[in-house]
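Read the structure below first, then the notes.
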Amino acid sequence: MKILAFKGSPREKGNSSIMLDRFLDGCKKSDGDIKTFKSGELNIKPCAGCLRCNLIKRCSLRGDDWEQLSSEILGADIIVISSPVYFFNFPSELKGIIDRFRSFIHVRITGDGLIHTPWTEWRKKFVLLLSMGSPDENEGADIIKVMKFIVKELGENNELYTFNGKRLAVRGQIEFDLNKLKSLYKKLQIPVKLAEHDHIRNRELLSHIYSLGTELGAGGT
Ligand SMILES: Cc1cc2nc3c(=O)[nH]c(=O)nc-3n(C[C@H](O)[C@H](O)[C@H](O)COP(=O)(O)O)c2cc1C
C-alpha cells in the first residue's frame, strides 16, 4: 500500500499530528510504503485560477513542488490529511494544496450545474483527521463538506473516513493522562468535571484511528 500523508499543523506534536502518527503506526503493521509531507514546508504556489487545467489536463503552474507532489498523489492508495481547524477551514498551506486538486478534474458547465470528470481513474481511500478547539464538531463541517465533494467527484470508488478531535487547545493534549488534563482544564477555566469524559473520548478516538490505520494499511475495508 502506498500511503501519502499530509501534516497540516505548523505545531510540532500538535494534536492532529498525533492523530496522524497513530494512523501511520497502524499502517506500519503491514509494511506500507509511507511518505509524509508537512504542508507548511512544501513549496506550493496558490492556484492561479487560469483554468488551463481544463484543456491541458494538468496544472499549468511550474516552478514549485506540485509536479512531484501530484504524481505522488496519483500513485497513492491512501491519502491522509491531518489538520487543525482554522476559522472553520484548513490552514492556508493545506487549502493551497486542495485548490490545486482542481487540475485533476475536467469541469463542464451545463444548463443547471457543473459536471466534474477526473482525468484518470481514482480508487483511493482518503482519511481526514481534524483537530479543533471547540467541543462542537460543526466547526469542522465545512472542511468535511469540501472533502466529501472532492472525494466523490474524483470517482465513486473512492472512500472518505473522517475523525474529529474536539476541545483540544494545547500541544499534545489529545494524549494527556487524566491528571494532566484536569490541571489543564483548571488553568483554562474549562469545567474540570468534563475532563474524565474527554480523556476517555480522546483515548477512544486515537484507538479507532489506529485500528483504521491497521485495516487500511493491510488493504482492507
Ligand atoms: C488561526 C487559528 C484559528 C482557529 N480557528 C478555530 C475554529 O474555527 N474552530 C475551532 O474549533 N478551533 C479553532 N482553532 C483552534 C485549533 O483548531 C485547535 O487548537 C487545534 O486543536 C489545533 O490543532 P493542532 O494541535 O494539530 O495544531 C484555531 C486556531 C488558530 C491558531
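Both counts, for ligands and for their atoms, begin at 1 and track the order of listing.
A salt bridge is defined here as a Lys NZ or Arg NE, NH1 or NH2 lying under 4.0 Å from an Asp or Glu carboxylate O, and D198 with R201 meets this definition. Using a cutoff of 4.0 Å between basic side-chain nitrogens and carboxylate oxygens, D177 and K182 are not scored as salt-bridged. With salt bridges taken as basic N to acidic carboxylate O contacts below 4.0 Å, one links E175 and R22.
Among all non-hydrogen protein atoms, the one lying nearest atom 2 (C) of ligand 1 is Y86 CD1, 3.5 Å. If you check which protein heavy atom lies closest to atom 9 (N) of ligand 1, you get E139 OE1, 2.8 Å. In this structure, atom 28 (C) of ligand 1 lies nearest to the protein heavy atom V85 O, 3.4 Å.
For ligand 1, the atoms lying closer than 4.0 Å to a non-hydrogen atom of S9 are 24 (P), 26 (O), 27 (O). Close approach of ligand 1 to S131 is summarised as follows: ligand atoms under 4.0 Å from at least one heavy atom of the residue are 17 (O), 20 (C), 21 (O), 22 (C), 23 (O). Contact atoms of ligand 1 toward S134: 10 (C), 11 (O) (distance under 4.0 Å to a heavy atom of the residue). Near L168, the atoms of ligand 1 lying under 4.0 angstrom from a non-hydrogen atom of the residue are 18 (C), 19 (O), 20 (C), 21 (O).
The closest heavy-atom contact to atom 25 (O) of ligand 1, among the options K7, E137, R11, K166, comes from R11. Distances from atom 12 (N) of ligand 1 to the heavy atoms of S83, G140, G133 put G133 nearest. The residue from S16, G14, P84 that puts a heavy atom closest to atom 26 (O) of ligand 1 is S16.
Within the 4.0 Å heavy-atom shell around ligand 1 one does not find R171.
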Go through the steps for D64 and R100 under the test salt bridge (Lys or Arg N to Asp or Glu O under 4.0 Å), then give the verdict. CA-CA 12 Å; D64 67 2; R100 299 284 288 275; 2.8 Å; yes
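Partner of F6 under the side chain to side chain contact (heavy atoms under 4.5 Å, CB included) criterion, chosen from I97, V80, L129, T36: I97.
Remark: the S17 side chain and the N15 side chain contain no N/O donor-acceptor pair separated by less than 3.5 Å. A donor atom on one side chain and an acceptor atom on the other are not found under 3.5 Å apart for N202 and R167.
When the shell of 6.0 Å around NZ of K35 is examined, it contains 12 or fewer heavy atoms from other residues, nucleotides or ligands.
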